[in-house]
Amino acid sequence: MDDTAAGTTPTAPARDLRALPKAHLHLHLAGSLRPETLVELAARHGVRLPSSLDCSRLDGWAGFQELYDAARAVIRTAADVRRVVVEAAAADAADGCGWLEIQVDPTAYAPVLGGLRATLEAVLAGAAEASVPTGVIVTSSWARPPEHAERLAGLAAEYAGAGVVGFGLSNDERRGRPADFAPAFRIAGDAGLLRTPHSGFFTGPDHVRACVELLGADRIGHGTSAARDPATLDLLASRQVALEVCPTSYPPLGVHELAEVPIAALLAAGVPVAVASDDPLLFGVGLAGQYELCRSALGLTDDQLATVARDGIRRSAAPEQLAAAMLSTVDRWCAGVGSTADVG
Ligand SMILES: [Zn+2]
């Protein structure tokens with residue numbers, strides 16, 4: 001009688017997900033604030049914070065936006081901006097990030113920081129000081145006029161090759177029509193910037209498709225509604241448009257339950273997936289934690305997690321040599337070689 005054998009056989013320890021090299025492609029400036037820094041900056045600048053930033057029971061997008069605006073309000077100087085970027089990169093470095101793309105809509109900061117350009121330059125100064133190589137994505141908002149997006153795309157284009165790597169549209173994608181933003185994305189594309197609009201969070205696959213066909217999206221922020229439509233999946237797969245999937249962003253807003261985030265289906269359809277944290281201040285989970293949830297809640301295998309890591313690296317703006325080094329470290333992670341200190 002030996003039915004305990006299976007239980008006593010030593011199993012290999014799970015691979016350390018912090019040691020898997022990652023490109024982090026979807027992180028918002030204010031959403032990356034460390035809770036301690038939020039409290040410290042609020043006290044310094046006399047900003048009253050809401051009693052709780054708990055995102056677990058949100059009243060739709062408006063409830064989320066209120067919390068995000070509260071976080072953003074504590075960032076009032078160029079030094080604050082630099083600090084937030086440097087701290088975000090440090091947190092990601094500890095999670096095995098080898099390349100970070102941080103996104104900012106300079107519009108709301110511009111009045112206190114001396115304008116759109118001054119805001120962008122503060123973010124770029126932080127990126128230059130960061131412990132992880134960091135590119136900046138300038139975003140406008142779906143809720144602002146297309147002319148404003150064109151202005152910001154023009155600003156982003158001026159800094160292409162000088163730290164800005166992409167242009168996107170954030171906020172609630174139900175607020176604007178993709179076709180209206182085509183001129184802004186043309187400016188960004190002509191400057192060689194990655195085009196990374198948010199889409200397919202509240203909107204359906206048609207909106208995702210429009211962002212690819214009309215805006216030339218290289219990646220989509222979220223885009224998970226595409227999983228409902230085989231034709232849209234085919235389009236994303238054939239053009240290798242990556243979806244930036246942020247597992248903890250969906251349950252509080254009623255988009256997906258955690259276990260239903262469709263990463264496995266996207267991968268099976270050949271759609272590149274980059275896992276990201278979006279707003280760790282509000283959703284409470286950092287980059288490595290998102291990968292952990294992909295393993296524990298979504299049941300992704302280590303091979304699938306490595307595919308996600310490779311997809312993120314390949315669809316990032318990371319310099320070629322850095323990307324190659326990170327990809328070879330992913331291979332070594334799969335082969336079981338390396339340590340937590342060896343993260344590319
Ligand atoms: Zn986002």
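First listed ligand is number 1; within each ligand, the first listed atom is number 1.
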Just checking, is any N or O donor in the side chain of R144 or S141 under 3.5 Å from an acceptor N or O on the other one?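 No, no side-chain donor-acceptor contact under 3.5 Å.
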Where the Zn ion (ligand 1) is the corner point, what angle links NE2 of H28 with NE2 of H198, to 10°?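 The angle at the Zn ion (ligand 1) comes to 100°, rounded to the nearest 10°.
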The Zn ion (ligand 1): angle it makes with OD1 (D278) and NE2 (H26), nearest 10 degrees: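 For OD1 of D278 and NE2 of H26, the angle centred on the Zn ion (ligand 1) reads 80°.
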Would a hydrophobic clustering, with Ile, Leu, Val, Met, Phe, Trp and Tyr connected at side-chain separations under 4.5 Å, put V261 with L300?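 Yes.
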Are H198 and H207, when compared by the centres of their aromatic rings, separated by less than 6.0 Å?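 Not close enough - the centres of the two rings lie 6.0 Å or further apart.
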Quick check: F283 with F64 (ring centres under 6.0 Å apart)?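 They qualify: ring centres under 6.0 Å apart.
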With a cut-off of 2.8 Å, does any N, O or S atom of H222 fall short of it relative to the Zn ion (ligand 1)?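 Under 2.8 Å: H222 has no N, O or S contact with the Zn ion (ligand 1).
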